[in-house]
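Each chain gets a letter, A, B and so on, in the order the sequences are listed, and its residues count up from 1.
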Protein chains: 2
Amino acid sequence: MNVTGHTRRPPSIRDVATAAGVSYQTVSRVINGHPSVKQATRERVLAAIDELGFRRNATALALASGRSRAVTVLTANTTHYGYASILQGIEEAARAASYAVGIGVLESADEAAVTAEVRRAADAGGGLIVIAYDPAGVGALAAVPAELPVVGVVETPASPPPGDRPWVWTDDREAAYQATRHLLSLGHATVHYVAIPSSTRRTSARTSGWRQALKEAGAPEPRPVQSSWGPAGGHAAGLRLARDPAVTAILCGNDDLALGVLRALHDAGRSVPGEVSVAGFDDAPHSAYLTPTLTTVRLDFTGLGRSAFALLHGVLEQSAQIAPHPVSVPELVVRESSGPPPD
Amino acid sequence: MNVTGHTRRPPSIRDVATAAGVSYQTVSRVINGHPSVKQATRERVLAAIDELGFRRNATALALASGRSRAVTVLTANTTHYGYASILQGIEEAARAASYAVGIGVLESADEAAVTAEVRRAADAGGGLIVIAYDPAGVGALAAVPAELPVVGVVETPASPPPGDRPWVWTDDREAAYQATRHLLSLGHATVHYVAIPSSTRRTSARTSGWRQALKEAGAPEPRPVQSSWGPAGGHAAGLRLARDPAVTAILCGNDDLALGVLRALHDAGRSVPGEVSVAGFDDAPHSAYLTPTLTTVRLDFTGLGRSAFALLHGVLEQSAQIAPHPVSVPELVVRESSGPPPD
DNA sequence: GGCATGAATGTGACCGGTCACACAAGGCGC
DNA sequence: GCGCCTTGTGTGACCGGTCACATTCATGCC
């Protein structure tokens, strides 16, 4: 037992080696499961490891071997439900593979700031996962030096990350398509769209899925209302739409926006779903408990995070590459907030 | 310029040294800002660093010096608003101090699992911040070996972490006290309480603040309803309370519970705040947009995260210890969900 | 002029692992 | 009995930094 009071440094493989009466290399072989170690020796070493409470120093391992068993996740926000869930999924998979997970928050989309953040992440060693649902993330993905192992989490393969980098994606286009079709099938003449900030200059996947559904149904295409990420933005957009009596169905870029829109409609005295139907995006945990409960499209963010890690893991270990670009299939969840239009 | 196509390893201080015509030690001195380097030499070295694109290898630094400039945050959940905000605050402060941030999720409160997670975090090197608002977190904090630098984020100093470890806290007791007093001052005979899972076997700070306010007002003390963290738990608890016509005011352990309670009251046909008043805890972003908007107590989670990091930073760098146990002061936010009781 | 002093720089060991290679002992074929 | 391959183990260098100490040279003081 540790009798001396002062903090001693943790045992190294050389300490274990002396305790077991072998060379440090043999200890290294044992902890790496190398086959050519005599059973008796192996047991002695294991006993010594156990007795001294030896744990392999991750830093030294990383330095000596070059492999660091670490992932850094670059994300614009940890508070948003979707992002947090992806992170949770990554962490879960990483834990199972005994990888360490680091995070870097992209506070601004400013190029210098993004580059700095990417550099910091690169300094941490190991692989990178970039959540590229927004301008900051897209910028970060583009700023990652070519030689770094990275996986992008993107909203659509229509605008894949530069280079032939692996990515995972949610089929946002399909999801928006489904939600829009649902609203149209209830009899609405058209569906208005409150958009989250676009990740690129071009049209987002959600927007284009919505557009396609309208086009197929021959419905007029109103101008999408550009908004922010949070309920405040949804509220502002909702107030605007509420003034137009022709608006009977609104699709929102995410559930937080939908929440703001619901509240705005309430403030404007328009009933949901009696006068106006609302649908969201993500199926955040609170959406099932709002009044009215929110029709939305469920996306498996946690699973997405797990795939992202699995993909990166494959790249890092050069093991058999898994299915190249895993996709998570969206699922429409119909609740109280959508119904037929008023007569 | 890098003419060869194959990936070369990044330049080390020895590469810089040769390029600048000095020894590696001099390079080390320059990057560490050591005073006794001739101005001319320093400039030559800096030029070489710049030209080669040298970046100091964090792994080697950690191994050689023992200091790792890294924090690992142990938390039960990254999805919950409060937890995510604390994490965001920590990351923000860490970034400013150029520390790396790692995360470990405590998926179960099972002792073996928690210990394993703590060990993993310890292996990462650097300091630890444990969010101990729940049994898993409390267990983790207790399982951290004494020699490891750690800061706990706790709900109350009444049950401080074992050992004389630094901690930061939200004054949950005061917050619950304020919210309860607010409801009583509106004229309610008493206030019912829907509790989040307790972090310890003993009474939580929120519970005791609520209790104290009741006692001071001479109001009867109903049995608290034990619930979970999410809206589903709140919904179940709400349905139970809705059956009792004597219930006119409900305080909830967090805003998610409150959301479930609001919905349950709606399902039971009881109006808010007409028949029943509801108050939450945390001021999550959606609370201001619910219908009715939610009266709650705002806690500065981001600031709390920043203080936690600052405290740990002080410990790690042995710099002048900051105020030992920073507290974040709660702020009552009165919205639509609370009002006078029915006559 | 001799010598202590300090500024500027270099040398070797070290952190805790891995990797490439050397080496001894035992089993097998011829 | 010799060589050869396999099994089991040890030695030295290395990863990219830091640290403690040595060295050189110019300066100041008596």
Side-chain angles (χ1 to χ4, degrees), chain A residues 7-46 48-49 52-70 98 100 122-126 316-317, chain B residues 7-46 48-49 52-70 98 100 122-126 316-317:
Chain A
T7 302
R8 52 164 92 253
R9 65 164 172 64
S12 75
I13 51 168
R14 323 217 177 209
D15 299 327
V16 174
T18 356
V22 296
S23 79
Y24 54 82
Q25 181 58 259
T26 300
V27 177
S28 173
R29 288 198 180 93
V30 169
I31 59 187
N32 287 299
H34 191 97
S36 75
V37 175
K38 199 155 55 171
Q39 187 57 23
T41 316
R42 179 186 311 278
E43 274 158 18
R44 250 184 321 151
V45 171
L46 288 175
I49 286 179
L52 274 70
F54 167 83
R55 305 215 84 211
R56 180 225 244 104
N57 180 319
T59 305
L61 173 64
L63 180 59
S65 70
R67 304 179 288 269
S68 69
R69 299 190 79 75
S98 46
D123 285 350
L316 289 174
E317 318 248 304
Chain B
T7 303
R8 53 164 93 249
R9 63 166 173 64
S12 75
I13 51 167
R14 323 219 177 210
D15 299 328
V16 174
T18 354
V22 296
S23 80
Y24 54 83
Q25 182 58 259
T26 300
V27 177
S28 174
R29 288 198 181 91
V30 170
I31 59 187
N32 288 299
H34 190 97
S36 74
V37 175
K38 202 158 51 172
Q39 187 56 24
T41 316
R42 180 186 311 277
E43 274 159 18
R44 251 185 321 152
V45 171
L46 287 175
I49 286 180
L52 274 67
F54 167 82
R55 305 215 84 209
R56 177 225 245 105
N57 180 318
T59 305
L61 172 62
L63 180 59
S65 69
R67 305 179 286 269
S68 69
R69 300 191 79 74
S98 45
D123 284 350
L316 289 174
E317 317 247 305

>> Taking the axis from the first five pairs and the axis from the last five, what angle separates them in the helix from dG1(C)-dC30(D) to dC30(C)-dG1(D), rounded to 10 degrees?
In response: 50°

> Residues two or more places apart in sequence or in another chain: which of them pass side chain to side chain donor-acceptor pair (under 3.5 Å) with Arg67(A)?
Replying inline: none

> Residues in salt bridge (charged side-chain N to carboxylate O under 4.0 Å, His left out) with Arg69(B), at least two apart?
Replying inline: Glu317(B)

>> Holding to side-chain contact (heavy atoms from CB on, under 4.5 Å), I want the full list of residues that pass it with Ala60(A), two or more places apart in sequence or in another chain.
In response: Asn57(A), Leu63(B)

> Which of these nucleotides, dG16(C), dT18(C), dT18(D), is closest to any side-chain atom of Ser65(B)?
Replying inline: dT18(D)

> Arg56(A): what forms a salt bridge (charged side-chain N to carboxylate O under 4.0 Å, His left out) with it, not counting sequence neighbours?
Replying inline: none

> Heavy atoms under 4.0 Å, any strand shown: does Leu61(A) hit a base, just sugar-phosphate, or nothing?
Replying inline: sugar-phosphate

> By side chain to side chain donor-acceptor pair (under 3.5 Å), which residues pair with Asp123(B), not counting sequence neighbours?
Replying inline: Arg55(A)

>> What is the separation between atom CG on Leu63(B) and atom C1' on dT18(C), rounded to the nearest whole Å?
In response: 12 Å

> Can you list the residues that meet the side-chain contact (heavy atoms from CB on, under 4.5 Å) rule with Arg44(A), with sequence neighbours excluded?
Replying inline: Val22(A), Thr41(A)

> For Gln25(A), which residues count as a side chain to side chain donor-acceptor pair (under 3.5 Å) partner, sequence neighbours excluded?
Replying inline: none

> Who pairs with Ala48(B) by side-chain contact (heavy atoms from CB on, under 4.5 Å), at least two apart in sequence or on another chain?
Replying inline: Val16(B), Ala19(B), Ala20(B)

>> Please evaluate residues Tyr24(A) and Thr18(A) with respect to the criterion side chain to side chain contact (heavy atoms under 4.5 Å, CB included), reporting the C-alpha separation (whole Å), side-chain torsions for both, the decisive distance (0.1 Å), and the verdict.
In response: CA-CA 8 Å; Tyr24(A) 54 82; Thr18(A) 356; over 6 Å; no

Output one line per pair: protein atom, nucleotide atom from nucleotides 11-14 of chain C, and distance, for all N/O pairs under 3.5 Å.
from, atom 1, to, atom 2, distance (Å)
dT11(C), O4, Gln25(B), NE2, 3.1
dG12(C), N7, Tyr24(B), OH, 2.7
dG12(C), O6, Tyr24(B), OH, 3.1

> Quick one: Ile13(B) CD1 to dG10(C) C1', roughly how many Å, whole number?
Replying inline: 13 Å

>> Rounded to whole Å, how long is the line connecting atom CG of Asn57(B) with atom C1' of dG16(D)?
In response: 6 Å

> For DNA chain D, which residues in residues 30-44 of chain A have a heavy atom at a distance below 4.0 Å?
Replying inline: Ser36(A), Val37(A), Lys38(A), Thr41(A)

>> Between C1' on dG16(D) and CG on Leu52(B), what's the gap in Å once rounded to a whole number?
In response: 15 Å

>> The criterion is side-chain contact (heavy atoms from CB on, under 4.5 Å); which residues satisfy it with Ala62(A), sequence neighbours excluded?
In response: Ser68(A), Thr59(B)

>> Before you tell me yes or no, could you show the steps for Phe54(A) and Asp15(A) under side chain to side chain contact (heavy atoms under 4.5 Å, CB included), namely the whole-Å CA-CA distance, both residues' side-chain angles and the distance that decides it to 0.1 Å?
In response: CA-CA 9 Å; Phe54(A) 167 83; Asp15(A) 299 327; over 6 Å; no

